[in-house]
Amino acid sequence: MASPAKRARTEPLADEAALRERVKELEAERDMWKAKAEGSGVAFPATHWPAAKPSLAGPPTYPQYDRSKPKESFLAICDMLIDEVCGELGPGYEMPPAEVAWVRRMLNYNVRGGKMNRGLMVIESGVHILEAKSMPTSNETIVRLAILGWCIEWLQGWLLVADDFMDDSKTRRGQKCWYLHEDVQKIALNDAFFIEMLVFKVLKRHFSHLPYYSQLVDLMMETTFQTECGQLLDTLCLNLTLKDFTEERWTLIVKYKTAFYSFYAPVAMGMIVAGITDVKEYNSCRDILMIMGIYFQAQDDYLDCYATPEQLGKIGTDIQDKKCGWLFAQAYHRLANQEQKAIFDKLYGKCKVQTPEEQQIKDLYTALKLPEIYKKYEEESYNKIISLKDNLKQVPWAVMESFLKKIYKRSK
């Protein structure tokens, strides 16, 4: 054993070496954060390759966003993002021209267009929140909100490509589903995955230099996973019996499959950009937006049955697809007698669209007075949303009003 005198001479040297090493680590970390704050240095060295990748050139300059033409300006940002994506595939990923052309065609077909309500609500919500906090709404800020809006729209786009394939759907947004094209078919699955990844590429290109980037990535990852949980609950209905299609299961499906990405995420994005960090405020918004999202899906289920294909932009397939829907859950578990349940057992999920058998189910819904019950549910949902108004402290009620104007008593 070393003497106390010897330990006194050697141990400090070991401690000093460790201390010097730790100082070096802290200095390197300091320099990294300093470079990030100043917009210099390399934030992601592991993927800073090849040098010709256009996104490595730094944050792009943005076009003028004309807020007097909301849809036209919003679509212009989508075109900008598609051009960016396609412009990077060659120099950044060695993709041949044919593959680049495929991606452009695929994106134009699947993510561009539609009602765009979710994406436009990111801008509308963000502006309301920023103005309520007396924060500037410069052109750059509006374009960034529009980019986030397209992240939501592209999230929906890839989900619908996959969903249509799994559901054997025929039409989407007034045109045949992507997988039904002769040269697409199963390639549609890879296209869905591709669009999903592009969402995160867009986020990195336009927001990685900003302090709230990690919050946006976290929100997008969580929202994607929540939506996939909803899709799991929905698709596994194929293995269940009609007795399992309860209102409780329906609520769980639509909360996760629809409400989070369609209602909560657009508002949460605006809150993040505005610098809101209070968990209670996010919770209060989520409570309201979950009710709104669940009502929206009940509305969607109702329109799938009662609206025309021209109104919907697609042919409703819920009955053919044996969907655990709001109409079915109400009818089967609350309203139907044994004879009527037998009709559901015989036909629901076993008939094709636009056939006499499908019409028999629709007629049964009407006989059970589901249109009247739906109207009552609609009013109750609206009143419940209004009752939570005072729970918001930082997000202005105008955000919720904007949503309600778009969905309350809609017909398509």
Side-chain angles (χ1 to χ4, degrees), residues 106 109-111 113-115 118 153-182 184-196 224-242 244-245 249-262 293-294 296-329 332 344 347-355 357-359 361-362 365 412:
M106 178 267 292
Y109 197 91
N110 292 296
V111 305
K115 293 188 288 289
R118 294 164 182 83
E153 290 290 327
W154 288 23
L155 166 63
Q156 184 194 29
W158 83 259
L159 289 167
L160 293 180
V161 170
D163 201 45
D164 287 344
F165 184 86
M166 287 184 278
D167 289 347
D168 295 319
S169 297
K170 304 303 177 189
T171 58
R172 173 70 63 183
R173 294 175 175 171
Q175 58 188 6
K176 69 179 180 181
C177 295
W178 177 241
Y179 79 94
L180 289 174
H181 288 264
E182 187 64 29
V184 180
Q185 299 186 53
K186 293 180 181 179
I187 299 171
L189 290 179
N190 189 68
D191 289 338
F193 304 149
F194 201 91
I195 299 170
E196 180 188 12
T224 302
F225 185 69
Q226 287 164 333
T227 309
E228 283 301 309
C229 286
Q231 185 72 356
L232 177 66
L233 288 162
D234 189 26
T235 53
L236 285 186
C237 285
L238 289 171
N239 298 336
L240 302 178
T241 67
L242 298 185
D244 299 310
F245 290 8
R249 184 175 183 87
W250 170 81
T251 302
L252 197 59
I253 291 170
V254 303
K255 176 181 179 180
Y256 281 87
K257 186 176 177 179
T258 300
F260 280 109
Y261 94 87
S262 297
I294 291 166
F296 172 83
Q297 191 58 53
Q299 189 180 57
D300 219 44
D301 292 352
Y302 179 84
L303 293 173
D304 186 273
C305 177
Y306 287 105
T308 65
E310 291 73 26
Q311 284 176 291
L312 284 181
K314 64 177 182 178
I315 298 170
T317 62
D318 284 2
I319 295 171
Q320 170 190 274
D321 296 339
K322 190 185 159 189
K323 286 291 184 180
C324 178
W326 185 87
L327 292 171
F328 177 84
Y332 196 84
F344 282 116
L347 299 177
Y348 197 78
K350 300 172 185 175
C351 59
K352 297 297 182 182
V353 296
Q354 299 178 325
T355 61
E357 292 78 15
E358 183 195 51
Q359 189 59 47
I361 295 290
K362 292 183 177 183
Y365 284 153
K412 60 181 180 178

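The basis for the numbers below is simple: all heavy atoms, side chains too, and nothing from hydrogens, waters or symmetry mates.
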Can you name the residues that form a ring-ring contact (aromatic ring centres under 6.0 Å, His included) with W178, not counting sequence neighbours? W102, Y109, H181

Decide yes or no on side chain to side chain contact (heavy atoms under 4.5 Å, CB included) for E182 and Q185, but give the supporting numbers first. CA-CA 6 Å; E182 187 64 29; Q185 299 186 53; 3.6 Å; yes

If you take all heavy atoms of L238 and K322, which pair is closest and at what distance? O-NZ, 3.6 Å

Going by heavy atoms in the side chains, are D191 and N110 under 4.5 Å from each other? no

Less than 4.5 Å apart, any side-chain heavy atom of T355 and any of E358? yes

side-chain contact (heavy atoms from CB on, under 4.5 Å) partners for T171, two or more places apart: K314, I315

Interatomic distance, L233 atom CG to L252 atom CG [nearest 0.5 angstrom]: 5.0 Å

Any side-chain to backbone donor/acceptor pair from N190 onto I187? Under 3.5 Å, distance only. no

Residues two or more places apart in sequence or in another chain: which of them pass salt bridge (Lys or Arg N to Asp or Glu O under 4.0 Å) with R118? none

Kindly give the heavy-atom pair with the smallest separation between R173 and G114, and that separation in Å. NE-CA, 3.8 Å

Return yes if some donor-acceptor pair links the side-chain N/O of T308 with the main-chain N/O of Q311 below 3.5 Å, else return no. yes

Not counting sequence neighbours, which residues clear side-chain hydrogen bond (donor to acceptor under 3.5 Å, both in side chains) with S169? List them please. none

With side chain to side chain contact (heavy atoms under 4.5 Å, CB included) as the test, would you mind laying out the steps for Y302 and L327 before giving the verdict? CA-CA 7 Å; Y302 179 84; L327 292 171; 4.2 Å; yes

Answer yes or no: is there a side-chain heavy-atom contact under 4.5 Å between C324 and L240? no

Applying side-chain hydrogen bond (donor to acceptor under 3.5 Å, both in side chains), can you list everything that pairs with D167, at least two apart in sequence or on another chain? K323

My understanding is that only residues two or more places apart in sequence, or in another chain, count here; which of them pass side-chain hydrogen bond (donor to acceptor under 3.5 Å, both in side chains) with W250? D301

Would you give the length of the straight line joining atom OH of Y256 to atom CD1 of I253, rounded to the nearest 0.5 angstrom? 13.0 Å

For L303, give me all partners under side-chain contact (heavy atoms from CB on, under 4.5 Å), at least two apart in sequence or on another chain. Q299, A307, L312, R410

Heavy-atom donor-acceptor pair, D318 side chain to D304 backbone, under 3.5 Å: no

Residues that A162 engages under side-chain contact (heavy atoms from CB on, under 4.5 Å), provided they are two or more places apart: M166, A192

Check whether any side-chain heavy atom of Q297 lies under 4.5 Å from a side-chain heavy atom of S262, and answer yes or no. no

Could you tell me the separation between the OG1 atom of T317 and the CD atom of Q354, rounded to the nearest 0.5 Å? 11.0 Å

Does L347 offer a backbone N or O that forms a donor-acceptor pair with the side chain of E357 under 3.5 Å? no

Rounded to the nearest 0.5 Å, what's the gap from CG on L189 to CH2 on W158? Could you check? 10.5 Å

Let me confirm one number: the CD-CG distance from Q231 to L236, rounded to the nearest 0.5 Å. 10.0 Å

With F328, which residues qualify under ring-ring contact (aromatic ring centres under 6.0 Å, His included), at least two apart? F245, Y332, F344, Y348

For K186, give me all partners under side-chain contact (heavy atoms from CB on, under 4.5 Å), at least two apart in sequence or on another chain. F165

Can you list everything that forms a salt bridge (Lys or Arg N to Asp or Glu O under 4.0 Å) with D163? Sequence neighbours excluded, please. K257

Determine whether I195 and M106 make a side-chain contact, defined as any pair of heavy atoms from C-beta on separated by less than 4.5 Å. yes

With sequence neighbours excluded, tell me which residues meet side-chain hydrogen bond (donor to acceptor under 3.5 Å, both in side chains) with Y306. T366

Measure the CD1-SG distance between I319 and C305 for me, rounded to the nearest 0.5 Å. 5.0 Å

For a side chain to side chain contact (heavy atoms under 4.5 Å, CB included) check, start with the C-alpha distance between T224 and E196, then their side-chain angles and the critical distance, and finish with the verdict. CA-CA 9 Å; T224 302; E196 180 188 12; 3.5 Å; yes

